Protein chains: 2
Amino acid sequence: MRLQQLEYFVEVVRCKSMSQAAKNLFITQPALSVAIKDFEKTIGVQLIKRSNKGVVPTTLGKQIFNDSQEIINIYKGWPNASGSGDICGDVYIFAIPSICNSILFNESFFNLKKMYPKLNIFLDQVRPHELLSHIIKNYPSIGIGYYLPSERESLFSQAKMYGLKTELLFKDEFNILISNKNPLAQKDKLSLSDLKKLPLSYYSDTNDNISLPYQMYFDDSFRFRLNSKENIMELIVHNKAVALYPEKASRYEYCIRSNLVRPMSVENFRFPQVEFFILYPAKKTSSIGLMKVVDNIKENLSDF
Amino acid sequence: MRLQQLEYFVEVVRCKSMSQAAKNLFITQPALSVAIKDFEKTIGVQLIKRSNKGVVPTTLGKQIFNDSQEIINIYKGWPNASGSGDICGDVYIFAIPSICNSILFNESFFNLKKMYPKLNIFLDQVRPHELLSHIIKNYPSIGIGYYLPSERESLFSQAKMYGLKTELLFKDEFNILISNKNPLAQKDKLSLSDLKKLPLSYYSDTNDNISLPYQMYFDDSFRFRLNSKENIMELIVHNKAVALYPEKASRYEYCIRSNLVRPMSVENFRFPQVEFFILYPAKKTSSIGLMKVVDNIKENLSDF
DNA sequence: CGCCCTTACGTCCAGCGTAAATATA
DNA sequence: TATATTTACGCTGGACGTAAGGGCG
């Protein structure tokens, strides 16, 4: 017998309806029907009477309804029990640079910390090619990154091998970040020939597989290989270079919000489309704290 | 989270030892170790400190130990909860004639009824070839019968198809039941030629695949095909015929206990060896009452 | 080395979703 | 037919057993 079944039963009695309770519990109605039936089977007696109008508890059903509420009240007080109890523990998040601001800019992310003061949340910025290894080394932890559509299958299967679940958050498109000081920033769109006047900055790791292939389109008389987003942004703001960044994910960058730089696309030309994903332990035994953070991020970044 | 995990945790704290608790809980020590670890993971905090001397609860562990006991006390009062609460419901047992007395003769079988007065137990005597169909028609129910070793695989796989679990109870050997009035009963063993003087009685169903093949060894000038054990026993007691019966399973027959008839073997000759089995629903959601009866029978009839 | 607990891995069952069936007004 | 519940079935994950691994006296 699972504690969850008690919660299911309580919700069914409260709603006087299987279908309504199923909605509230975020499971399908047949699944709930079976769960309640199994619950009755282990208890050994009928707990609710079914009809096409809904359900009503039997005499004993009411008794067990009360007991169940009492039990739920006890364990909801436990740390990390699915109530809002005393959720605690350490949660590690590894995210690629472009998405970090989007996470941090979101007020509800900080509400997590207010809601669960004992929950320690650590956000580490890592380069895309390091993401998976960080997640695995620091299991259990959460990862946020992107993949090119062609990398999708290999990422999903690799993650699965390590007991990780991968979920798509949103699709994004790379664009050029350019300083508003640059006269070209006045245009609606850049042309391919404009690019030749612009030096491209990119990450110093040799696996920057987004920017590297496009180097040839830019002014290749300069070479800026830097190892932090801050360095790169600094360069862009001072109009010494441009960079390729995912558009949606970067929308909360300070330089963009304050109009120091702007994202621009190129006429008749598309930079890579990518899909942002979240990676987290597939096991249901993951700490509730971790799952709260996962749910929060998914809520904030889905359909971004 | 399962209610069982609370019981596991409570037992571990009580024993101050994983291995001892595992013994009391009838699971292996590694299984318990994992269960407790999962419990801690969902709660989010360490509940016990491990050492090579055993385990001790942490501060929070003690708190949750108390809460768990409280929760267990609540649901142990429910009908069929694994406490000795108010176990109720109907339990149907189908057993072949030869084993019925062994079940009924056992005092502990009747203690079941004393312990759980609301549990209705129905015992039906059925012929071996009808056993499976009765079990299926009356699902969930319990069956007790025997098979020839050659029938073993087919029975097990067929039962599995119907969601039934089959367990060996004990091995038995068929022997001749003969009236003590008969002078041959004075001998130590019968000879094959003695059999020719003895008419064989057997069940009137055409599927009596134990007795039928041996008909030729007996006095075949008589043919007694009867449809109840009482009729057959009556015949044997009055020395009008003999019959083939499994020896161990029949030991509680009144006629045998009171020395009216005795089982005899034949020199240099063996009647079929059979294996008695119990059949019951494989699902863990079976009513606790049914499982109590299954456990009782297994306890009484294993290594008979 | 022995005791106690953990990790690894394979097997089997339970939980849930999808789709289809059933019941009642 | 419309609404509510049940049944059927496939997939995935969890529970437990067996066997092997590690820490501490």
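Fair warning: this is a prediction, and the values are worked out from it, not measured in the lab. All chains are named by letter (A, B, ...) in the order of the sequence lines, taking the proteins before the strands, and each is independently numbered beginning at 1.
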Using atom [atom1] of [X] as one end and atom [atom2] of [N] as the other, report the distance to the nearest whole Å.
{"X": "A:K16", "N": "D:dT5", "atom1": "NZ", "atom2": "P", "answer": "13 Å"}
{"X": "B:I48", "N": "C:dC4", "atom1": "CD1", "atom2": "P", "answer": "15 Å"}
{"X": "A:I36", "N": "D:dA4", "atom1": "CD1", "atom2": "C1'", "answer": "15 Å"}
{"X": "B:N52", "N": "D:dG21", "atom1": "CG", "atom2": "P", "answer": "20 Å"}
{"X": "A:F156", "N": "D:dT12", "atom1": "CZ", "atom2": "P", "answer": "14 Å"}
{"X": "A:K165", "N": "D:dC11", "atom1": "NZ", "atom2": "C1'", "answer": "13 Å"}
{"X": "B:D38", "N": "C:dT6", "atom1": "CG", "atom2": "C1'", "answer": "13 Å"}
{"X": "B:Q5", "N": "D:dA15", "atom1": "CD", "atom2": "C1'", "answer": "10 Å"}

Using only side-chain N and O atoms of [X], determine if any of them is under 4.0 Å from OP1 or OP2 of [N].
{"X": "A:R50", "N": "D:dT6", "result": "yes"}
{"X": "A:S19", "N": "D:dT5", "result": "yes"}
{"X": "B:S33", "N": "C:dT6", "result": "yes"}
{"X": "A:Q4", "N": "C:dC16", "result": "yes"}
{"X": "A:R2", "N": "C:dG15", "result": "yes"}

For B:K37, answer base if it contacts any base atom (sugar-phosphate contacts may also be present), sugar-phosphate if it contacts only those atoms, and nothing otherwise; contact means non-hydrogen atoms under 4.0 Å.
->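 Sugar-phosphate contact only - B:K37 comes under 4.0 Å of backbone atoms but never of a base.
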Looking only at side-chain atoms of B:M18, point me to the closest of D:dT18, D:dT5, C:dC5.
->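 Of the candidates, C:dC5 comes closest.
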Shortest side-chain distance from B:A31, nucleotide among C:dC16, D:dG17, D:dT5 |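 Ranking C:dC16, D:dG17, D:dT5 by closest atom to the B:A31 side chain puts D:dG17 first.
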Under 3.5 Å side-chain donor-acceptor pair for A:N73 and A:Q69 |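 No, no side-chain donor-acceptor contact under 3.5 Å.
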Is it the case that A:E70 and A:N66 place a side-chain donor and acceptor less than 3.5 Å from each other?
->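 Short answer, no.
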Yes or no on salt bridge (Lys or Arg N to Asp or Glu O under 4.0 Å) for B:R50 and B:E40, after CA distance, side-chain angles and deciding distance?
-> CA-CA 13 Å; B:R50 288 106 168 135; B:E40 286 179 315; 2.9 Å; yes
Kindly determine whether B:Y8 and B:F39 satisfy ring-ring contact (aromatic ring centres under 6.0 Å, His included), including the steps that lead there.
-> CA-CA 10 Å; B:Y8 286 1; B:F39 185 52; 9.7 Å; no
Would you say B:Q20's side chain and B:E11's backbone share a donor-acceptor pair under 3.5 angstrom?
->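 Checking the backbone N and O of B:E11 against the side chain of B:Q20, no donor-acceptor pair under 3.5 Å is found.
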For A:K53 and for A:P30, find the nucleotide of DNA chain C with the closest heavy atom, then tell me which residue's nucleotide is more 5'.
->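 With A:K53 and A:P30 compared, the 5'-side residue is A:P30.
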